[in-house]
There are 2 protein chains.
Amino acid sequence: MLTERQLLILQVIIDEFISYAQPVGSRSLSKKDEITFSSATIRNEMSDLEELGFIEKTHTSSGRVPSEKGYRYYVDHLLSPQTLKSNDMLMIKSVFAERIYELEKIVQKSAKILSELTNYTAIVLGPKVKDHKLKKIQIVPISEETAIAIIVTDTGHVENKVFSLPPSFDVNEVEKMANILNDRLAGVPLMELKDKIYKEVAMLLKQHIHNYDAVIATLSDTLNLSKPEKLFFGGKTNMLSQPEFHDIDKVRSLLAMIEQEKGLYDLMKRNPAGIHVKIGRENNNSALAACSLITATYSVGPEQVGTIAILGPTRMEYSRVISLLQFITTDLTALLTKLYQKE
Amino acid sequence: MLTERQLLILQVIIDEFISYAQPVGSRSLSKKDEITFSSATIRNEMSDLEELGFIEKTHTSSGRVPSEKGYRYYVDHLLSPQTLKSNDMLMIKSVFAERIYELEKIVQKSAKILSELTNYTAIVLGPKVKDHKLKKIQIVPISEETAIAIIVTDTGHVENKVFSLPPSFDVNEVEKMANILNDRLAGVPLMELKDKIYKEVAMLLKQHIHNYDAVIATLSDTLNLSKPEKLFFGGKTNMLSQPEFHDIDKVRSLLAMIEQEKGLYDLMKRNPAGIHVKIGRENNNSALAACSLITATYSVGPEQVGTIAILGPTRMEYSRVISLLQFITTDLTALLTKLYQKE
DNA sequence: TGTTAGCACTCTTGTTTGGCGAGTGCTAAT
DNA sequence: ATTAGCACTCGCCAAACAAGAGTGCTAACA
């Protein structure tokens, strides 16, 4: 177990390093107000803390730098819940005050404001479309061979997909088909669409539509919107101004991974509710070895729909970022719930 | 006027610099096959070329480097039209061979492939939506106060916008309204929608719809899709691997400007047909001082719809990029014309 | 026994120095 | 007009050195 004094020293070291990105030495520590004992004492304590793995040296006679284990301890035990500056709160409130109806736009804006407030990169895993329910389906032919299927969800989200009509498909039947689909499928979660089509709609279509089998195949294919949730970003290049990214190779691999989206998507998906901090290699991703990712989930009513995250250097202002995320997800959830939780 | 020999030397210097990004000196030049005279002669010629402003020294006793004027002369007079590697052609052809129906996706893919083939950044100014014609308009109420207007163009593009319904608007009237709109507005270019609504549809709506004036205002506002054309990117971070961008500050300002989009949009907009090369400060943008931008336009039939561009360092493989752009815009235009030029 | 002052030692950083190589400009010979 | 030769310039690199920050250890102190 760590002594009170060790905790204090660890805390001050990390706070200091977070602020100035410089290894912190015993002498400069001893000058701080919180610290009443001499540099020699601090050296002894530091030596212990190093042995325990909470801090490290960059070279034999350098100051100390927090290790991943140190950060982990810091966020788990040492973080004092900080109240937001009223300035920040106003900024966020102003975003949600605007009358925006599209879920995606709200989410997009949240990412932007977060990145601006923190100077890190904000990532939002957009609302899970699959769980939403079909409101209306429209089919618009645009040529003799192609048509667009438009799907509107109860949350105001619109998806569309162009597909090719089977040859010799009567344009008049399109309308008939759309009617049947709407009749049968309204209110069905998008996830189950494909299933329902085969189970409930197939029979009906068979009676009314020529060329039944070709249509049904195309249709279920088209409606199988297995599109992954979208990622939204804010401040993609903010990381460049962090001193730890002076090395162009690090920057390249980091930006490449952000650009690719795949890796991030996996990291953001399947997050348990609440706020979670992943430090450095806890992310299991070599490009993020020097980064921490703080994720938070937001919901519509009881249903968790997405994740919002901040990606920064391991030397991140954990306290502030966590407060911000807390605040913004609460607001976001409240707004979305108000907007989309009618029934 | 430059002599034959000076032209030759200028050309070889630039070719060499483009390949290796190193200042080129007289001795290494004299070893090239094309060059039959001694390094001393070359030094004299170089001295003249420098005086004329085509090349520069990085320091008193360094090799020479092309100046912007040098590059300009090079692309204007010295570029030998190069045929593409069959490999490259195959890559491009394969993109256009796939059956994709959405204009945006095709455009997006073009950007991707271009950036991969060149290792520069590809930027595409997406198809001008405004010139496209209304195919169908749908209105889907999603709550008591809001509805989604969905607009489908003849090119298969779908736009949607959520808007608030006037209070006490009868949901049944939505359908009636949609019918009237479709009846009257099908085939109208999006640009003229707003106009037509007031001129032709207003009267009709007045007869059939309660609360006429509130609706008409909301409607014309909603349909005024003055969205600017979208920009698509490929290889945003490719620039990082160019040796001239080892300096993190240059990278930052460049990426910031790419991220912002506004500046690039202005550069890409209003391009006369054909291929154009802007070198370094010709772009009038400090972040692009070390970059060249090569733009090319693509069309649907006779109607120019968008611009596709490559952004690279001034030390760019002009010849190859120009050939690639030529090839890809030709193919793109052909494909789009075939798909969307029905009438 | 916990704390601290003092000191030798280590390592980084910045500066200077000298040598090497690539390149130039000039001059004189061809 | 071309070229060989030569002195000179500069960037680059490695070695040498001083200064500064920081450490670990020891011995003295409360």
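Convention: sequence-line order gives letters A, B, ...; per-chain numbering from 1.
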Quiz item: Between the side chain of B:Ser67 and the main-chain N/O of B:Gly53, is any donor-acceptor distance below 3.5 Å?
Solution: yes

Quiz item: Is any side-chain nitrogen or oxygen of A:Ser61 closer than 4.0 Å to OP1 or OP2 of D:dA21?
Solution: no

Practice problem: Nearest whole angstrom, please: distance from the C1' of D:dG22 to the CZ of A:Arg27. | Solution: 11 Å

Exercise. Can you tell me the distance, in whole Å, between the CZ atom of A:Phe37 and the C1' atom of C:dT4?
Key: 13 Å

Quiz item: Is there a donor and acceptor pair, one atom on the side chain of B:Thr60 and one on the base of D:dT9, closer than 3.5 Å?
Solution: no

Self-check item: Pair B:Lys236 + A:Glu259: basic N to acidic O under 4.0 Å
Solution: no

Quiz item: CG of A:Asn44 versus C1' of C:dT1: gap in Å, rounded?
Solution: 13 Å

Practice problem: Measure the distance from CZ on B:Arg43 to P on D:dA7 and round it to the nearest whole Å. | Solution: 14 Å

Quiz item: If only side-chain N and O atoms of A:Thr41 are considered, is one of them under 4.0 Å from the OP1 or OP2 phosphate oxygen of C:dT4?
Solution: yes

Practice problem: Start with the C-alpha distance between A:Glu34 and A:Gln11, add both sets of side-chain angles, then the distance that settles side chain to side chain contact (heavy atoms under 4.5 Å, CB included), and finish with yes or no. | Solution: CA-CA 11 Å; A:Glu34 306 96 297; A:Gln11 168 135 33; over 6 Å; no

Quiz prompt | Phosphate OP1/OP2 of C:dG23 contacted by B:Arg64 side-chain N/O (<4.0 Å) | solution = no

Practice problem: In whole angstrom, give the distance that lies between atom CD1 of A:Ile42 and atom C1' of C:dA5. | Solution: 14 Å

Exercise. Starting from P on D:dG20, measure out to CD on A:Gln22 and report it in whole angstrom.
Key: 17 Å

Quiz item: Parallel, tilted or perpendicular for B:Phe54 and B:Tyr73, by the 30°/60° rule?
Solution: perpendicular

Quiz item: Mapping B:His59 and A:Ser28 to their closest nucleotides on DNA chain D, which lands nearer the 5' end?
Solution: B:His59

Practice problem: May I have the distance from A:Glu45 (atom CD) to D:dT23 (atom P), rounded to whole angstrom? | Solution: 13 Å

Quiz item: Does B:Ser26 have a side-chain nitrogen or oxygen under 4.0 Å from the phosphate oxygens OP1 or OP2 of C:dT24?
Solution: yes

Quiz item: Counting just side-chain N and O atoms, does A:Lys57 come under 4.0 Å of either OP1 or OP2 of D:dA21?
Solution: no

Quiz item: When you check the gap from the basic side-chain N to the acidic O, do A:Lys112 and A:Glu116 get nearer than 4.0 Å?
Solution: yes

Quiz item: Given atom CG of B:Asp48 and atom P of D:dA1, what is their separation to the nearest angstrom?
Solution: 12 Å

Self-check item: Donor-acceptor pair under 3.5 Å, B:Ser38 side chain vs D:dT3 base
Solution: no

